[in-house]
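Just so we're clear, the structure is a prediction, and the values are computed from it rather than from any experiment.
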Amino acid sequence: MGMNGFEQRKLNEIILYLLNVTGGMDYYHIFKILYFAEREHLAKWGHRMIADDFCALEYGPVPTHLYDAIKVLDSKGTALAEILYEDMRLAGVDAPNVLIPQRMADLRYISKSEQEALDNSLKENSLLTFKQLMIKSHDSAWQDAYNKKKSGKISILKMAEAVNADDMIIKYITEQLDLENVLI
C-alpha cells in the first residue's frame, strides 16, 4: 500500500533528523537505524513511527518506499523521491551511498517517543559496521519473512515480538491488525 502525503513528509523529517544528528549517513545505516527504532517504538507504545513497510532482503530489513525513493533520488522518480530530493543530497562520487541534509528537520512531525526511539537506535547502531548491522538485523522477524518469501514483508507483530514486547502490547497490536484487516 502506498503512503499518503503526510506519511511521506513525516518519513522525510525523520530521515532529516537522523542526518542532522550525524551530519550525514549511508542509507544502509539509515535503513537499519529506522528498523531498530521502529521495533523499539512498537514494543513500547504499540504503534508504528513510519507508514513504510519493512521487507526482508538478503542484507537485512529495508523500508520499501524509502528504498525505492533513494534508488531514484537524482531522477526524482517517485513522489517520495521528490520530497527527499528537496531536502537531502547524495554526497557524491567519493561517497555515493551517503545522504547529506540540506536543512534542519521539522520536529513538529516527530513525537517525543519517536525521537527517543530514534536517539536510542542511533546510539546503539550508528557506529556498527555493515556486517554487524546485517547480523543484528537478521532477527526472528526478519527470518520469519525471509524464510517465507525472500523480500517478503516483515510483520509489525513479529517485530514487536523480536524485542520481547509485553503481552498487553502484543494483544493491542494484534487487535489493531485485526481491525485493519476488517476495514480493508
Side-chain angles (χ1 to χ4, degrees), residues 2-3 5-41 48-111 114-139 141-142 145-146 150-154 159 162:
M3 295 171 59
F6 175 81
E7 293 165 342
Q8 291 172 353
R9 175 60 59 194
K10 180 176 181 176
L11 180 55
N12 183 67
E13 299 306 323
I14 286 174
I15 301 307
L16 277 172
Y17 177 77
L18 295 175
L19 296 176
N20 293 156
V21 170
T22 61
M25 185 185 310
D26 67 272
Y27 50 81
Y28 186 81
H29 274 79
I30 291 169
F31 297 159
K32 301 312 174 259
I33 286 166
L34 272 177
Y35 179 72
F36 294 124
E38 186 80 328
R39 281 189 339 176
E40 177 185 325
H41 201 266
R48 303 171 72 164
M49 292 189 316
I50 62 173
D52 206 348
D53 292 321
F54 284 88
C55 285
L57 298 184
E58 181 180 356
Y59 297 113
V62 171
T64 309
H65 295 290
L66 179 60
Y67 181 60
D68 290 343
I70 287 176
K71 284 192 297 189
V72 296
L73 190 61
D74 286 338
S75 63
K76 299 189 276 184
T78 69
L80 180 58
E82 289 186 28
I83 293 169
L84 296 170
Y85 185 79
E86 296 297 317
D87 297 327
M88 58 196 75
R89 295 283 182 267
L90 292 169
V93 178
D94 292 338
N97 299 331
V98 174
L99 293 172
I100 304 294
Q102 298 298 301
R103 69 169 174 84
M104 296 302 291
D106 184 343
L107 297 180
R108 294 176 296 176
Y109 284 86
I110 306 171
S111 73
E114 293 166 342
Q115 193 172 343
E116 179 183 312
L118 291 165
D119 289 343
N120 289 343
S121 186
L122 273 167
K123 192 166 127 186
E124 292 174 15
N125 302 298
S126 63
L127 298 178
L128 296 181
T129 66
F130 177 93
K131 186 171 183 176
Q132 289 169 325
L133 281 173
M134 183 184 73
I135 291 167
K136 183 176 180 181
S137 68
H138 284 190
D139 61 11
W142 175 87
Y146 194 76
K150 288 177 178 40
S151 79
K153 179 180 160 187
I154 298 174
M159 287 171 67

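Between the CD1 atom in Ile15 and the CG atom in Leu19 there is a gap of 7.0 Å [rounded to 0.5 Å]. Distance CG/Asn20 to CG/Leu107: 8.0 Å, rounded to 0.5 Å.
Two residues are said to be in side-chain contact when any heavy atoms from C-beta on lie closer than 4.5 Å; Leu80 and Asp68 fail this criterion. Glu38 places none of its side-chain heavy atoms less than 4.5 Å from the side chain of Ile154. Side-chain contact between Tyr109 and Ile14 is absent, with no heavy-atom pair separated by less than 4.5 Å. Leu11 places a side-chain heavy atom less than 4.5 Å from the side chain of Leu34. Proximity of Ile70 to Leu99: side-chain heavy atoms (C-beta onward) are separated by under 4.5 Å at one or more points. No side-chain heavy atom of Glu86 sits under 4.5 Å from any side-chain heavy atom of Asn12. Using a 4.5 Å heavy-atom threshold, the side chains of Pro96 and Leu90 count as separate.
With sequence neighbours excluded, the residues satisfying ring pair (Phe, Tyr, Trp, His ring centres under 6.0 Å) with Tyr35 are Phe54. Qualifying ring pair (Phe, Tyr, Trp, His ring centres under 6.0 Å) partners for Phe130, counting only residues two or more places apart in sequence or in other chains: Tyr28, Tyr59. Among residues two or more places apart in sequence or in another chain, the side-chain contact (heavy atoms from CB on, under 4.5 Å) test is passed with Leu57 by Val62, Tyr67, Ser151. Applying the ring pair (Phe, Tyr, Trp, His ring centres under 6.0 Å) test to Tyr27 and every residue at least two apart in sequence or in another chain returns Phe31. Every residue meeting the side chain to side chain donor-acceptor pair (under 3.5 Å) condition with Glu40, not counting sequence neighbours, appears here in chain and number order: Asn120. Looking at residues two or more places apart in sequence or on another chain, you find a side chain to side chain donor-acceptor pair (under 3.5 Å) between Ser121 and Asn125. Listed by chain and number, the residues in a side chain to side chain donor-acceptor pair (under 3.5 Å) with Glu116 are Lys44 (sequence neighbours excluded). Every residue two or more places apart in sequence or in another chain that forms a salt bridge (charged side-chain N to carboxylate O under 4.0 Å, His left out) with Asp106 is listed here: Arg108. For Asp119, there are no salt bridge (charged side-chain N to carboxylate O under 4.0 Å, His left out) partners at least two apart in sequence or on another chain. Gln132 meets the side chain to side chain donor-acceptor pair (under 3.5 Å) test with Thr129; sequence neighbours excluded.
Of the possible donor and acceptor atoms, one in the side chain of Asp52 sits under 3.5 Å from a partner among the backbone N and O of Leu66. Put simply, the side chain of His29 gets close to the backbone of Leu128: a donor and an acceptor are under 3.5 Å apart. Using a distance-only test at 3.5 Å, with no hydrogens or angles considered, no donor-acceptor pair links the side chain of Asp139 to the main chain of Ala162.
Closest approach of His138 to Gly60, counting heavy atoms only: NE2-N, 3.4 Å. Of all the heavy atoms in Ile100 and Gly24, the pair that sits closest is CD1-CA, 4.1 Å. Nearest heavy atom pair, residue Ala69 against residue Leu84, reads CB-CD1, 3.7 Å.
Sequence neighbours left out, the pairs with a member in residues 10-19 that pass salt bridge (charged side-chain N to carboxylate O under 4.0 Å, His left out) are Arg9-Glu13, Lys10-Glu114, Glu13-Arg103. Screening residues 123-135 for salt bridge (charged side-chain N to carboxylate O under 4.0 Å, His left out), with sequence neighbours left out, gives Glu124-Lys136.
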Please evaluate residues Ile50 and Glu7 with respect to the criterion side chain to side chain contact (heavy atoms under 4.5 Å, CB included), reporting the C-alpha separation (whole Å), side-chain torsions for both, the decisive distance (0.1 Å), and the verdict.
CA-CA 7 Å; Ile50 62 173; Glu7 293 165 342; over 6 Å; no

Carefully, step by step, assess Asp26 and Lys32 under the rule salt bridge (Lys or Arg N to Asp or Glu O under 4.0 Å).
CA-CA 10 Å; Asp26 67 272; Lys32 301 312 174 259; over 6 Å; no

